[in-house]
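Report on one structure; see the data block that follows.
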Number of protein chains: 4
Amino acid sequence: MVVHARKQPRQPRAKETVRAILEATAQILDRESLDAATTKRIAEVAGVSIGSLYQYFSHRDAILEALQDREFERTLAVMQAVFGDGHIDKAPIETVTAALRGLAQLYSQSPGLHRVLTIEGLRVAKSEHVHAFDRRVIDLVRHFLATIRAPLRVTDLEAAAFIIYQSVRATMLAHLLERPHGLDVDRLIAELTQLITSYVLGSAESRG
Amino acid sequence: MVVHARKQPRQPRAKETVRAILEATAQILDRESLDAATTKRIAEVAGVSIGSLYQYFSHRDAILEALQDREFERTLAVMQAVFGDGHIDKAPIETVTAALRGLAQLYSQSPGLHRVLTIEGLRVAKSEHVHAFDRRVIDLVRHFLATIRAPLRVTDLEAAAFIIYQSVRATMLAHLLERPHGLDVDRLIAELTQLITSYVLGSAESRG
Amino acid sequence: MVVHARKQPRQPRAKETVRAILEATAQILDRESLDAATTKRIAEVAGVSIGSLYQYFSHRDAILEALQDREFERTLAVMQAVFGDGHIDKAPIETVTAALRGLAQLYSQSPGLHRVLTIEGLRVAKSEHVHAFDRRVIDLVRHFLATIRAPLRVTDLEAAAFIIYQSVRATMLAHLLERPHGLDVDRLIAELTQLITSYVLGSAESRG
Amino acid sequence: MVVHARKQPRQPRAKETVRAILEATAQILDRESLDAATTKRIAEVAGVSIGSLYQYFSHRDAILEALQDREFERTLAVMQAVFGDGHIDKAPIETVTAALRGLAQLYSQSPGLHRVLTIEGLRVAKSEHVHAFDRRVIDLVRHFLATIRAPLRVTDLEAAAFIIYQSVRATMLAHLLERPHGLDVDRLIAELTQLITSYVLGSAESRG
DNA sequence: GATGAATGAGAATTCATTCAT
DNA sequence: CATGAATGAATTCTCATTCAT
């Protein structure tokens, strides 16, 4: 899973080192910026030597990719849990709210990390990595839409999933980074739920 | 207009140089990336010397800011035209469609530029520049919502404007950069119109 | 006399331009620093174009050299006046005081200029220009010492002239630049007079 | 001691690198000039890469400051040794001679370095560093004057110390840089001793 | 003559990566 | 394995000088 790792850490000490490196990088991205995440700074914060970075990661970007992996897995896990079979009998509006809640919590834990992931998604040469993640999330959303029993207003589920994914991500991230006053997270989730359900189901259903 | 210009170009040759620098930078941002826009590369593409960059721009970022300015003004002009008095009697759905069309056209002219502007908006230390632009666009949207005659479903217009702005921007940009197959721009505009009108007005009105 | 001048200014307008350039440079050296005296800045302050600088001076340093010339001539003029025949009958202490007074006045008119001239004198490859000036001043001092009628305590007049020149220059300049509190210029002159006459004549004579 | 060092060199190899950098810089200052001491040139002469300069010094000037420190400490050590308790019973003329001898030796070891230090003292924005050194040397001289048992001719010891410091420094440095023929260092010291003692004590005492 | 736009060599500094210890 | 000193390509920016208008 850790694609670019130079060597799989097997010993406890090695695992701890890898964990420290990823934690340090996440912290720097969260509190500072992508530019601040130099190898020197990561090594400092992690409390290891620069050499150790290259023991486990072939190049600097591999560290970021490993972090992406971790965050991608967490995000997908949250969505899979919400969209899982257990929720198929609930009202769509509740599933949507649950998904948004889960995402909001995830984002708020490391907004800087998601900020960087979004920026990566804006690169011209977007990595396969990032592309595959987008694909998987959109597939999950599309699948969710397809399993809604109520009549849908939207017909092109692929397009709808794409739009919903982009809208939710951008809005949540902007909210977290800018913290516009007078708009707390619960209210944001309520509004986004409204946005999505109105779009997908039409107002009657979303009201009911 | 060129806020950070070191010197206002007076002679024709000078104006041409400034134009070449901005054009070159826009092209690099469009086709490559923000990182690729080094002073060396910009000068090369513009066909001028590095020194000439600094005749008219105090530092590298000032070139980007000048480009931002240009794009900000264009964007605001489009929106002001659409939201202007002439449209107050039209159905909201038409105004929304017109605005989205205008934006889509603008974005498609220089997607890379808007990509960079979006990235700038994701920086920890977002510049006053970028912030002010976001503010003005959201104000325009809010004002538009406030002048709709039909009964609104949303109550917090500030929140609604914020969500709409972020959603439209992210979706349009992602569409332009990824070009998801099977989703042409007209369809995208139709879907986004649906998204917005359903959210703001409820389905009955948006259908009508 | 203006050694490096590219062309002798003959027309009134041209003379005025040269004057403006030298004045501007002197002002910048006085108020700012040697580094601040860029061709761009000199042209700005002088109110001429950069091109005009090169109309009259072959290269930037030629401007500084012309300034040196001017200052060197002034300095030598002051000393020649004091050490001239008229003063041969006065007491040495009075001549020394008069010379110091003249120099103090000259230095205070443009301390920054003399600062730069001193720095030039500290360059490894001191220009012939600067060297020749040092030589001439020391010759003047030596000649003055040789014409004193009272018995001298010093025997090596060349050495004495060298020491006196360096001491006076450094002390006066440091005084002007640092303005040590509690030491006004009259007091400084009195002290330096004491320093020199005691050294050259011994205390009995310097007291008388 | 190395105030601006970025990192304290611990390993032998590192110490050797720092030493090489300082040695190279001193050599360039001695044989060439302050302007010649570019980072590229220092690295070349030191036989290290430019990057290594920045391992140990935060910026170019920090290298010069480290050199200054080294020289300041040496200079003060020489003067403290001479003006120390052991010399209080000796004749002032001997203490002055000893001090001048010590300084002459120090200056002759690295004239270029002292040249640069003097130039730094002539900068408009003289660094606190340099200023503090001047202050300390003048304080030492003043204290020495105050402890002389013989009756002094000078009354303002602060002014006298200032004048003596500037005169000795400038004269010794000029002597070293210009090497005026017919004036060897012993003779220079004798003359400067004469200059100082005559000034401070009057000729009778300085003769005895 | 006068102008000032254009030039480009050269300066300081950063940072991912390597490798001897 | 771990370390961190060393590397040097690449970046931004300055400024004396030239030359077309």
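Labels below follow one simple rule: chain letters A, B, ... track the order of the sequence lines, proteins then strands, and each chain is numbered from 1. Note that the structure is a prediction, hence the values are computed from the model and not measured.
In this structure, D/T39 does not reach the E/dA11 phosphate: none of its side-chain N or O atoms is under 4.0 Å from OP1 or OP2. For E/dT7, the OP1/OP2 oxygens have a side-chain nitrogen or oxygen of B/S49 closer than 4.0 Å. Between E/dT3 and C/S52, a contact under 4.0 Å exists linking OP1 or OP2 to a side-chain N or O. The side chain of D/Y54 contributes no N or O atom lying less than 4.0 Å from OP1 or OP2 of F/dA5. The side chain of D/T17 contributes an N or O atom lying less than 4.0 Å from OP1 or OP2 of F/dA6. A close approach under 4.0 Å does not occur between any side-chain nitrogen or oxygen of B/Y56 and OP1 or OP2 of E/dG4.
No donor-acceptor contact under 3.5 angstrom links the side chains of B/H129 and B/E65, judged on distance only.
Rounded to an integer number of Å, the gap from C/I63 CD1 to F/dC15 P is 15 Å. When the C1' atom of F/dC13 is taken as reference, atom NZ of C/K40 falls 13 Å away, rounded to whole Å. To the nearest angstrom, C1' of E/dA12 lies 13 Å from CG of D/L64. We find that NZ of D/K15 is positioned 13 Å from P of F/dA6, with the value rounded to whole Å. The CG-P distance, from D/D35 to F/dA16, rounds to 12 Å in whole Å. Remark: C1' of E/dT17 and CD of A/Q55 are 14 Å apart, rounded to the nearest angstrom. We find that CD of C/E44 is positioned 13 Å from C1' of F/dC15, with the value rounded to whole Å. Protein atom CD1 of B/I21 is 13 Å distant from nucleotide atom C1' of E/dT7, rounded to whole Å.
Both C/G51 and D/I50 sit near DNA chain E, but only C/G51 has its closest nucleotide nearer the 5' end.
The pair C/K126-C/D134 meets the salt-bridge criterion, with a side-chain N (NZ, NE, NH1 or NH2) lying under 4.0 Å from an Asp/Glu carboxylate O.
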